[in-house]
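In the text below, chain A, chain B and the rest are named by the order of the sequence lines, each starting its count at 1.
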Amino acid sequence: MTPPAVMWFRRDLRLADNRALTRALARAAGVICVCMLEDAAGAWAKESASRAWRAASLKALDSDLRERGNGLVGLRGTAPEALADLAKQSGARLVCCTRDWTPAAMAEEEAVREALAAVGTELFVAEGSLLVTPDSIATHSGEPFRVFTPYYRAWEYEWHVEEPLPALEEIPAPAAVPTFEPSTPDSSAPDIATHWSPGERGSQESLTSFVNEALADYDQNHDFPAVRGTSRLSPALAFGELSPRQIAVTVVDMYVAAGAAAPYLRQLAWREFAHHVLYHAPSLPDRPWRAEYEVMPWCDDEGALAAWREGMTGFPFVDAGMRELRETGWMHNRTRLVTGSFLAKDLLVPWQDGERWFWERLVDAELAVNAFNWQWLAGSGADAAPYFRIFNPMLQGRRFDPDGSYVRRWVPELAQMPARWIHSPWEAPAEELSKAGVVLGKTYPRPLIDHFEARDRALAAYEHVKESRSGGA
DNA sequence: CTTAGTTTGGG
DNA sequence: CCAAACTAA
């Protein structure tokens, strides 16, 4: 009897277009499908929305596997030990997984490779989490890209439309698979099932409805958080329920001739740029990418941070975003920009605090993307928002939620406010407030700070960074 | 796509 | 005269 192969699922929780799984099947008559019950390389906080998503997604993967004559086995302990043990017990000579380009995951791959080598088993690492791997493109001088536009040009040139691998009809298991029991999600995590359908099938349906319903108007609608104008595929990408190739090919197929696919593909490229930057600067999650930002005079204001987390800053557009995050595990991109700018620039709270909160609360949290975006917002990142671009939360609200329906949905205490005042209730005449049943400081907080004073304070702080760059070192 | 200040151009 | 367009920080 030929020995089985092992498929080690990580952030590639899909059966279609999975080169690792396809390889395992091609090399052995039976495949043992495993995942680590606790994802050490993912380093989830104890309470985390992603953990809840992962648990649901693993369950879905298990049932998809069972339909194909297999099933998922959850392993305890660390990946190198658990996989080496499994290889020894089962006699497997081959373990397959998909490459994860984040630093801890790459280190984990190496540790697994060594542990497996010691028992005479090979680790095969397939590509599939990115369309263009971080090490495959560089500037003319051979340096990593530091600016998005030239990166995007190279990226666009580099990726090829290539048909994804089909889903596998049968995945024979070498032995009976025990019942899969994922670790239970945290009680504080959002109720995933009411807002999302995790798992490969649910994500494929999300992709189909996105290309059918929203893609054509993506460019016009994607900035309006009250509209379903974005793909909402970020959690599926984060966990590999869909590969970027499946998404890109579907999007391009829909719009062979028209340019309608380009704005969306550009967003996929931002995700890959984040991985490119992290790969070449592994300290991205912790330290400012631009070293001069080490001297940035942040304020460790616990109270302000708490108000921001709770969605109680008194700025309706900011609070709506933060509450959407809390309730659904996701936030619209526009409000990610505005809430992030508000934390880092208006409140001058270190971007790492925002990064940590998003990491715990977002179902789509990806290390590279989260770190990159926070640094981008704070001004210390690659091709970052210029320091003087400090979002005005009132103007942003009026522009991108003109009728206030996004605020009304997530900040119900303002539901009766007329659109004219909904993004700055403190400016509303007293009778408008009372008609809407709003008592500032009681039913809804007064603004935590004056935005224009905060803006001046932030500009002064950034001035300090500029001076240290020209004067110091 | 931030703001403030300046220029331009239509009415 | 004012609003849109442009520009510097």
Side-chain angles (χ1 to χ4, degrees), chain A residues 146-153 217-227 229-230 259 262-271 273-274 288 290 292-293 295-299 304 308 313-321 331-349 351 354 369 372-402 406-407 420 423-424 426-427 447-472:
Chain A
R146 304 169 62 85
V147 177
F148 177 71
T149 308
Y151 172 85
Y152 181 59
R153 253 179 252 136
D217 301 318
Y218 180 77
D219 213 22
Q220 295 91 285
N221 289 346
H222 74 101
D223 257 335
F224 295 86
V227 178
T230 66
Y264 181 72
L265 290 177
R266 206 178 150 85
Q267 298 305 312
L268 282 186
W270 274 105
R271 170 174 179 268
F273 184 45
R290 291 178 196 276
E292 66 264 28
Y293 277 79
V295 304
M296 179 75 183
W298 302 107
C299 308
W308 177 81
T313 67
F315 291 88
F317 200 48
V318 172
D319 293 342
M331 197 197 303
H332 189 278
N333 180 250
R334 173 53 43 186
T335 31
R336 291 191 200 197
L337 294 171
V338 176
T339 56
S341 170
F342 188 81
L343 185 75
K345 294 187 173 172
D346 282 58
L347 301 180
L348 278 182
V349 169
W351 56 267
V369 176
F372 176 95
N373 284 156
W374 273 100
Q375 294 231 35
W376 186 90
L377 271 170
S380 62
D383 209 5
Y387 68 90
F388 48 81
R389 187 190 293 163
I390 297 167
F391 283 105
N392 177 325
M394 295 81 82
L395 282 181
Q396 287 286 313
R398 285 178 208 134
R399 192 173 304 161
F400 296 109
D401 185 33
Y406 180 70
V407 167
R420 177 156 181 211
H423 292 295
S424 51
W426 62 91
E427 289 174 335
L448 194 59
I449 41 96
D450 178 287
H451 167 68
F452 299 98
E453 283 170 20
R455 181 170 193 280
D456 290 344
R457 184 176 68 149
L459 289 175
Y462 281 94
E463 207 54 49
H464 180 66
V465 168
K466 253 171 71 180
E467 275 163 28
S468 83
R469 184 184 49 190
S470 47

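- In this structure, CG of Asp346(A) is placed 12 Å from P of dT2(B), rounded to the nearest angstrom.
- Every side-chain contact (heavy atoms from CB on, under 4.5 Å) that Gln267(A) has, sequence neighbours left out, goes to Tyr218(A), Trp270(A).
- Evaluation of the side-chain hydrogen bond (donor to acceptor under 3.5 Å, both in side chains) rule for His222(A) yields no partner, not counting sequence neighbours.
- Among residues two or more places apart in sequence or in another chain, the side-chain hydrogen bond (donor to acceptor under 3.5 Å, both in side chains) test is passed with Asn373(A) by none.
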Solution key, residues 389-396 of chain A side-chain donor-acceptor pairs under 3.5 Å, sequence neighbours excluded:
residue   : atom : partner   : partner atom : Å
Asn392(A) : OD1  : Met394(A) : N            : 3.0
Asn392(A) : OD1  : Leu395(A) : N            : 3.1
Gln396(A) : OE1  : Arg334(A) : NH1          : 2.8

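- Glu463(A) comes within 4.0 angstrom of nothing in the nucleic acid, heavy atoms only.
- Put simply, CZ on Phe452(A) is 10 Å from C1' on dT2(B), counting in whole angstrom units.
- Remark: Tyr387(A) OH to Lys345(A) NZ distance equals 10.5 Å, nearest 0.5 Å.
- In this structure, OG1 on Thr149(A) lies 10.0 Å from OH on Tyr152(A), to the nearest 0.5 angstrom.
- Applying the side-chain hydrogen bond (donor to acceptor under 3.5 Å, both in side chains) criterion to Tyr406(A), with sequence neighbours excluded, gives Glu324(A), Thr335(A).
- Distance CZ (Phe388(A)) to P (dG5(B)): 16 Å, rounded to an integer number of Å.
- At a threshold of 4.0 angstrom between heavy atoms, the contacts of Leu395(A) are confined to the sugar-phosphate backbone, with no base atom among them.
- Atom CZ in Phe400(A) sits roughly 12 Å away from atom C1' in dT2(B) (whole-Å rounding).
- Counting any heavy atom pair closer than 4.0 Å across all strands shown, Asp223(A) reaches sugar-phosphate atoms only and no base atom.
- Summarising the geometry, the separation between CZ on Arg389(A) and P on dA4(B) is reported as 16 Å, rounded to the nearest angstrom.
- One can place CD of Glu453(A) at 18 Å from C1' of dT2(B), the figure rounded to the nearest angstrom.
- Going from atom CZ of Phe342(A) over to atom P of dT2(B) covers 15 Å, rounded to whole Å.
- With rounding to whole Å, Arg455(A) atom CZ is found 5 Å from dT3(B) atom P.
- Near-neighbour residues of DNA chain B inside residues 372-387 of chain A, defined by a heavy atom below 4.0 Å, are absent.
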